[in-house]
Amino acid sequence: MANNLLAGKVGIISGALNEHSIAWKVAQRAHAEGARFVLTNAPLAMRMGEINKLSEECNAPIIPADATSTEELEALFSGAQEQLGGKIDFVLHSIGMSANIRKKKHYGELDYKFFNQTIDVSAMSFHKMMAVAEKQDAMNEWGSIVALSYIAAQRAFLDYTDMTQAKAMLESIARSYGQRFGKLKKVRVNTVSQSPTKTTAGTGITGFDAFYNFADMMSPLGNAPAEACADYCISLFSDLTRYVTMQNLMHDGGFSTTGISAEIVDMMTKAAGVSEQ
């Protein structure tokens, strides 16, 4: 149910590839809540995805931009302000890529050229985005910038390889730029650490289905779906969270603070062939 939480607000939403993307769900919810926004993605991702369909649904213009290019980000922010008729109220950074994961390289054999690309695309782009916004004075006071993260920033997970370091850097950038942007413009900067989600990127990780099911059994509320993550992002874009900044916010059904669940104990007991006394 829509509540006009973003009525009158304008923004930029990056990373919507197809209907499975969290960014896609965020765009749909932002539109329902009264926001106007520009969609953006890298040209290659746009060719692979269905962003034109989302653009029509949300009446949102598209400005292609490679988030690793300062020049293209400058064109994105200036173009967005021109299209939307003023400064920006919210930004979603939903960008991540690892060629090492795509090529199924384990952690001990990472290609360092790919590693640098992972950091640049998945984390440094967040800093570049905010630096451009600052230089252009593109953000309204009390604006909100959100990036999507994952608990692998704090814990070791098999097969997440160099994305682990990228997410840790992403969260660190949010804290550092959150302090700076808060002082400059009252802009808040946060990351949302989402449950494993069946997006195009997520399902490309080796063993994803097994871990997805494990996390679901571990979480008291179960895995948070993409639609619920979109709701959370909308709350962070809204005026209801004006004093939340520099936080990594866990949106994982309780997974991050659960030691072990009854379901996992039961499964391990049955697997070991141990009968309860």
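In what follows, residues are counted from 1 in the order of the sequence shown. Computed from a predicted structure; not experimentally measured.
- Of the possible donor and acceptor atoms, one in the side chain of Ser98 sits under 3.5 Å from a partner among the backbone N and O of Ile101.
- Criterion: ILVMFWY side-chain heavy atoms under 4.5 Å apart, direct or through other members. Under it, Leu221 and Ile260 are not part of a common hydrophobic cluster.
- Criterion: ILVMFWY side-chain heavy atoms under 4.5 Å apart, direct or through other members. Under it, Met129 and Val121 are part of a common hydrophobic cluster.
- Clustering ILVMFWY residues whenever any of their side-chain heavy atoms sit less than 4.5 angstrom apart, transitively, puts Ile95 in a cluster other than the one holding Phe37.
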| message | Between Lys185 and Asp137, does the salt bridge (charged side-chain N to carboxylate O under 4.0 Å, His left out) criterion hold? Intermediate values first, please. | response | CA-CA 9 Å; Lys185 293 281 293 187; Asp137 191 22; 3.2 Å; yes

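- Atoms CZ and NZ, from Phe77 and Lys87 in turn, are 13.0 Å apart once rounded to the nearest 0.5 Å.
- Checked by atom type and distance alone, the side chain of Ser21 never pairs as donor or acceptor with a backbone atom of Trp24 at under 3.5 Å.
- Going from atom CG of Asn248 over to atom CZ of Arg175 covers 7.5 Å, rounded to the nearest 0.5 Å.
- Checked against the 6.0 Å centroid threshold, Phe157 and Tyr150 count as a close aromatic pair.
- Checking His106 against Thr161 by side-chain atom types alone, no donor-acceptor pair falls below 3.5 Å.
- Residue Glu263 qualifies as enclosed at atom CD: its count of foreign heavy atoms under 6.0 Å is above 12.
- Side-chain atoms of Glu134 and Tyr177, non-hydrogen and from C-beta on, do get closer than 4.5 Å to each other.
- No donor-acceptor distance shorter than 3.5 angstrom exists from the side chain of Asn100 to the backbone of Leu110, with no hydrogens or angles considered.
- Electrostatic pairing of Lys105 and Asp162 does not count as a salt bridge here, judged by no charged N lying under 4.0 Å from a carboxylate O.
- Annotation: the span from Ser125 atom OG to Leu73 atom CG amounts to 7.5 Å, rounded to 0.5 Å.
- With contacts defined as side-chain heavy-atom distances shorter than 4.5 Å, the pair Phe90/Leu236 does not qualify.
- Side-chain contact between Met267 and Ile264: present, with at least one pair of heavy atoms (C-beta onward) separated by less than 4.5 Å.
- Checked by atom type and distance alone, the side chain of Ser261 pairs as donor or acceptor with a backbone atom of Met217 at under 3.5 Å.
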| field | Tyr232/Val192 under side-chain contact (heavy atoms from CB on, under 4.5 Å): CA gap, chis, key distance, verdict | value | CA-CA 8 Å; Tyr232 199 28; Val192 172; 4.0 Å; yes

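- Between the side chains of Gln28 and Glu57, at least one donor N or O sits under 3.5 Å from an acceptor N or O.
- With respect to the salt-bridge test (charged N to carboxylate O, under 4.0 angstrom), the residues Lys25 and Glu227 qualify.
- By the rule that hydrophobic residues join a cluster once side-chain heavy atoms approach within less than 4.5 Å of another member, Phe181 and Val244 end up as members of separate clusters.
- There is a path of hydrophobic side-chain contacts, each under 4.5 Å, that joins Val132 to Ile145.
- Between Thr40 and Ile13, every side-chain heavy-atom pair lies at or beyond the 4.5 Å cut-off.
- Ala23 approaches Gly15 most closely through the heavy-atom pair CB-C, 3.6 Å.
- Comment: Asp120 engages Lys128 in a salt bridge, judged by a side-chain N to carboxylate O separation of less than 4.0 angstrom.
- One finds the NE2 atom of His251 at 11.0 Å from the CG atom of Asn223 (value rounded to the nearest 0.5 Å).
- Taking each heavy atom of Glu33 and Asn4 in turn, the nearest pair found is OE1-N, 2.8 Å.
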| task | Tell me, with the steps shown, if Ile62 and Val38 meet side-chain contact (heavy atoms from CB on, under 4.5 Å). | result | CA-CA 6 Å; Ile62 302 169; Val38 161; over 6 Å; no

| Does the pair Leu92 and Ile12 meet the rule for a side-chain contact (heavy atoms from CB on, under 4.5 Å), with working shown? | CA-CA 6 Å; Leu92 177 71; Ile12 297 172; over 6 Å; no

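- The local environment of CD in Gln179 is sparse, with at most 12 non-hydrogen atoms from other residues, nucleotides or ligands closer than 6.0 Å.
- The two residues Val187 and Asn140 make their nearest non-hydrogen contact at CG2-O, 3.6 Å.
- Thr191 contributes no side-chain N or O that, together with a main-chain N or O of Ala147, makes up a donor-acceptor pair within less than 3.5 Å.
- Judged purely by atom type and a 3.5 angstrom limit, Ser55 uses its side chain to pair as donor or acceptor with the backbone of Ala60.
- Looking only at side-chain heavy atoms (C-beta outward), Glu50 and Leu17 stay at 4.5 Å or farther from each other.
- The closest donor-acceptor contact from the side chain of Arg188 to the backbone of Thr241 lies under 3.5 Å.
- By the 4.5 Å heavy-atom criterion applied to side chains, Ser195 and Phe255 are not counted as neighbours.
- No side-chain donor from either of Ser78 and Gln81 sits under 3.5 Å from a side-chain acceptor of the other.
- Taking both residues in full, the closest heavy atoms of Ala133 and Met139 are given as CB-CG, 4.1 Å, listed atom of the first, atom of the second, then distance.
- Panel note: side chain Asn3, backbone Leu5; no donor-acceptor pair is recorded below 3.5 Å.
- Paired with Gln194 under the rule side-chain contact (heavy atoms from CB on, under 4.5 Å), one option of Ile151, Asp252, Ile22, Leu148 passes, and it is Ile22.
- The two residues Arg36 and Leu84 come nearest to each other via the heavy atoms NH2-O, 3.1 Å.
- Side chains of Val91 and Val146 form no contact here, defined as non-hydrogen atoms less than 4.5 Å apart.
- Rounding to the nearest 0.5 Å places CE of Met250 at 3.5 Å from OG of Ser193.
- Annotation for Thr118 and Ala99: closest pair OG1-N, 4.3 Å, computed over non-hydrogen atoms.
- With rounding to the nearest 0.5 Å, the separation of CG in Asn59 from CG in Leu54 is 11.5 Å.
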| From CA spacing to verdict: side-chain contact (heavy atoms from CB on, under 4.5 Å), Met246, Asn190 | CA-CA 5 Å; Met246 300 165 62; Asn190 295 288; 5.5 Å; no

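- Looking only at distances, no side-chain donor or acceptor of Asp89 sits under 3.5 Å from a matching main-chain atom of Gly143.
- Taking 4.5 Å as the limit, every side-chain heavy atom of Leu170 sits out of range of all side-chain heavy atoms of Ser122.
- Salt bridge annotation for Asp111-Lys103: absent, with no cationic side-chain nitrogen under 4.0 angstrom from a carboxylate oxygen.
- The main-chain N or O of Ser14 is never found under 3.5 Å from a side-chain atom of Asn41 such that the two would form a donor-acceptor pair.
- A salt bridge does not link Glu171 to Lys167: none of the charged nitrogens lies less than 4.0 Å from a carboxylate oxygen.
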